[in-house]
Structure formats: C-alpha cells, structure tokens
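We're numbering straight along the sequence, starting at 1.
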Amino acid sequence: MTLAIRTVGIRKSFGAHEVLKGIDLDVNYGEVLCILGPSGSGKSTLLRCINHLEVPDGGYAWVDGQIIGYALKDGALHELPVKRLRAQQSQLGMVFQHFNLFAHRTVLGNVIEGPMVVRGLSREEATARAMDLLDMVGMAEKAQAFPAQLSGGQKQRVAIARALAMAPRVMLFDEPTSALDPELVGEVLEVMKRLAAAGTTMIVVTHEIGFAREVADRVVVMIDGEIREAGPAAEVLSAPADPRVRAFLGRVLA
C-alpha cells in the first residue's frame, strides 16, 4: 500500500497544557482510520495539525510525499508561503463538527466556491461536479436552498459534498456527527460508509464505536495526548491490551 499521511513526533501545547505528546502515525491510501478517545485527549488537535490549521510546536505531518506547511532546505524546515500552503491543504478535505457552511450562499454556491476559486474550474464544470456530489449525498433537491433551511444532518451532508468537490487525496472528519440530533446521525454515517466502500482514504475522529467497528480498517485510541493503542478495528475494540483503553471502551460500550 502507498503511504498517504505520516505524522512524526507531533507535539502541541496550549499554554502549560501539553495536548499532543509526540504523535507518530501512518495512514495508507485507501485506508479508513478511526481515532477514538475521551474528550480532551488531543484527537481533534491532531487532525488540525495534519492539515496545518494548527501549527505543531514540534514534529511535522507528511502528506502525499511533502511536509505540510514547510520546505526542507539546508537541513532545516522553513515555512511555506501562504499560497503554497493552501495548495497543500487543498489535498485534504476537512469536515468539521459544526458544518462551517457559508450562510449567505445556497447549497450549490457552497459546493462550487472552492473548485472555482482554488482549482480554477469554470462555473459550468464546477456546477456539474457539484450536482453529481449533491446527488451522491442525497442533497441534489436542495441545491437552491440556504443553510438556514436545512437540518443539521442535511448541512453535514452538504459539508461532505463541499469537501469532496475539491477532489482531495484524503478526507479528514472531525467528529462529524457530534453536533447532530440522534435521529440525524445515521444519514451522515451512511454517506461516510459509501465513501469508505468506494475506497476513499479517511481519517475519522469519532465517538461512534459502531461505525468504527463496521467501517474502519484500523483504530487508534488516544488518551492524554498519546496513542495508547493502535491496530485492526476488531482487535482493538474487542480485546485492547492497554488497561486505560479497556476502561475507556468499557465506559462507552456500557
């Protein structure tokens, strides 16, 4: 398998609180990796460091053969200009907890914005691609609606279509169902299952243990800024070796 993402010794602190304590992680193309762990364990911060929305205090993320956010020159890392960083970030589709849709744009307008502005697609090309993606996530009929007219589950499906419209190499999901009412969770997870079945490379921070068990190739469990367990989903979720992981899973599966 071909390596898509590698993190090397990523550290991140906010004030005196060390959130990430040297994270090493590899993800291959075509793989679905789910990151589990209690709140405050550093899961979302790791995801944001991978796409350089948070700048690590130490270590780096290697994405599709390049260190994101930096160029290596004379044995030292130098920050990239914003334009080159944005080009790197466009290889990573990001779906947030709270959708982050543009309230003043229609569903279609949200999805075509990035491909037109960043990728340089014509409106016709961007619209055709957007409608295909909206159809895939079951939102084509809402193309002319505004975000305020949508349910939370519908907004998140549009957010997934918007991320996919940039043709990213890897999709990052930051607890995509945590802000949804329970009855809306299933519709979003179903879209994600279809993406996984199609071979989309995905890193998913989630509390949905059932989803991880069904869809993930591998599971990572983070506690207090460290990876405490990593391995095949069935193995980690059924028979974790680390006592703190056993305690965490015991609570969430109870």
Side-chain angles (χ1 to χ4, degrees), residues 1 3-12 14 18-54 56 59-63 68 92-98 156 159-160 163 168-180 185 188-189 191-193 195-196 200-238 240-242 244-253:
M1 299 181 75
L3 190 63
I5 287 178
R6 167 170 285 167
T7 71
V8 180
I10 287 189
R11 295 183 175 275
K12 182 68 181 179
F14 296 104
E18 190 175 20
V19 178
L20 298 176
K21 302 175 181 178
I23 302 296
D24 298 325
L25 183 66
D26 286 356
V27 182
N28 292 311
Y29 280 115
E31 185 174 26
V32 178
L33 176 78
C34 282
I35 303 178
L36 310 176
S39 296
S41 58
K43 308 181 301 295
S44 294
T45 301
L46 174 60
L47 217 59
R48 293 174 66 85
C49 283
I50 288 173
N51 69 3
H52 218 68
L53 291 178
E54 292 284 356
Y60 60 88
W62 182 98
V63 179
I68 191 164
L92 299 167
M94 184 81 175
V95 178
F96 300 89
Q97 296 178 38
H98 296 288
Q156 196 60 294
I160 293 172
R169 303 296 303 275
V170 179
M171 287 287 289
L172 308 176
F173 292 86
D174 185 10
E175 299 191 30
T177 60
S178 65
L180 302 179
V185 169
V188 174
L189 294 181
V191 171
M192 294 171 65
K193 288 176 186 178
L195 291 176
T200 305
T201 308
M202 299 163 58
I203 304 178
V204 185
V205 170
T206 184
H207 292 292
E208 300 290 341
I209 304 297
F211 173 83
R213 190 186 304 276
E214 180 181 351
V215 177
D217 298 296
R218 284 191 302 132
V219 163
V220 163
V221 182
M222 292 182 62
I223 297 175
D224 291 338
E226 300 176 311
I227 293 177
R228 298 299 295 251
E229 191 123 10
E235 182 180 304
V236 171
L237 295 175
S238 300
D242 187 287
R244 294 189 67 184
V245 174
R246 285 200 300 271
F248 163 70
L249 291 175
R251 290 193 300 272
V252 297
L253 293 173

Q. Can you find a pair of side-chain heavy atoms, one from I68 and one from L92, that are under 4.5 Å apart?
A. yes
**Q.** Gap separating the CD atom of E208 from the SG atom of C34, nearest 0.5 angstrom
**A.** 10.0 Å
Q.
Using only atom types and a distance under 3.5 Å, with no angle test, would you say the side chain of D24 pairs donor to acceptor with the backbone of G9?
A. yes
Q) Got more than 12 heavy atoms from elsewhere within 6.0 Å of CZ, R228? A) yes
Q | Over all atoms of both residues, closest heavy-atom pair of E31 and D26 | A | OE1-O, 4.4 Å
Q | Contact check, side chains of I160 and M192, non-hydrogen atoms, under 4.5 Å | A | yes
**Q.** G231 to V236 - nearest heavy-atom pair and separation
**A.** N-CG2, 3.5 Å
Q) T201 and R169: side-chain contact (heavy atoms from CB on, under 4.5 Å), yes or no, with the steps? A) CA-CA 7 Å; T201 308; R169 303 296 303 275; over 6 Å; no
Q: Decide yes or no for R213 and S238: does some side-chain heavy atom of the first lie under 4.5 Å from some side-chain heavy atom of the second?
A: yes
Q) Between I50 and V63, which heavy-atom pair has the shortest distance, and what is it? A) O-CG2, 4.0 Å
(Q) Under a 3.5 Å distance rule, please check whether K43 uses its side chain to pair with a backbone N or O of P38 as donor and acceptor. (A) yes
(Q) If we ignore hydrogens and angles and just use 3.5 Å, is the side chain of E18 paired with the main-chain N or O of R11 as donor and acceptor? (A) no
Q) Stepwise, does the side-chain contact (heavy atoms from CB on, under 4.5 Å) test hold for F211 with T177? A) CA-CA 11 Å; F211 173 83; T177 60; over 6 Å; no
Q | Approximate separation, where rounding is to 0.5 Å, of I5 CD1 and L25 CG | A | 8.5 Å
Q | Intermediate values then yes/no, side-chain contact (heavy atoms from CB on, under 4.5 Å), L20 and M222 | A | CA-CA 10 Å; L20 298 176; M222 292 182 62; 3.7 Å; yes
(Q) Determine whether a donor-acceptor pair (N or O, by modelled atom type, separation under 3.5 Å) exists between the side chain of S44 and the backbone of D174. (A) no
Q: Output the distance between atom CD1 (I203) and atom OG1 (T7), rounded to the nearest 0.5 Å.
A: 8.5 Å
Q) Does any non-hydrogen side-chain atom of V221 lie less than 4.5 Å from one of R244? A) no
Q: For residues V95 and M171, determine if any side-chain heavy atom of one lies less than 4.5 Å from a side-chain heavy atom of the other.
A: yes
Q. Roughly how far, to the nearest 0.5 Å, is NE2 of H98 from CG of L180?
A. 9.5 Å
Q: Taking the side chain as every heavy atom from C-beta outward, state whether V27 and V170 have any pair of such atoms under 4.5 Å apart.
A: no
Q: Measure the spacing between CZ of R48 and CG of L172 and express it to the nearest 0.5 Å.
A: 11.5 Å
Q. Run the side-chain contact (heavy atoms from CB on, under 4.5 Å) check on V245 and I223 step by step: do they pass?
A. CA-CA 8 Å; V245 174; I223 297 175; 4.2 Å; yes
**Q.** Minimum side-chain heavy-atom gap D217-N28 below 4.5 Å
**A.** no
Q | Exam field: side chain Q156 to backbone F96, donor-acceptor pair closer than 3.5 Å | A | yes
Q. If you round to the nearest 0.5 Å, how far is CG of D242 from CZ of F248?
A. 12.0 Å
Q) Hey, does E54 have a side-chain heavy atom less than 4.5 Å from the side chain of C49? A) yes
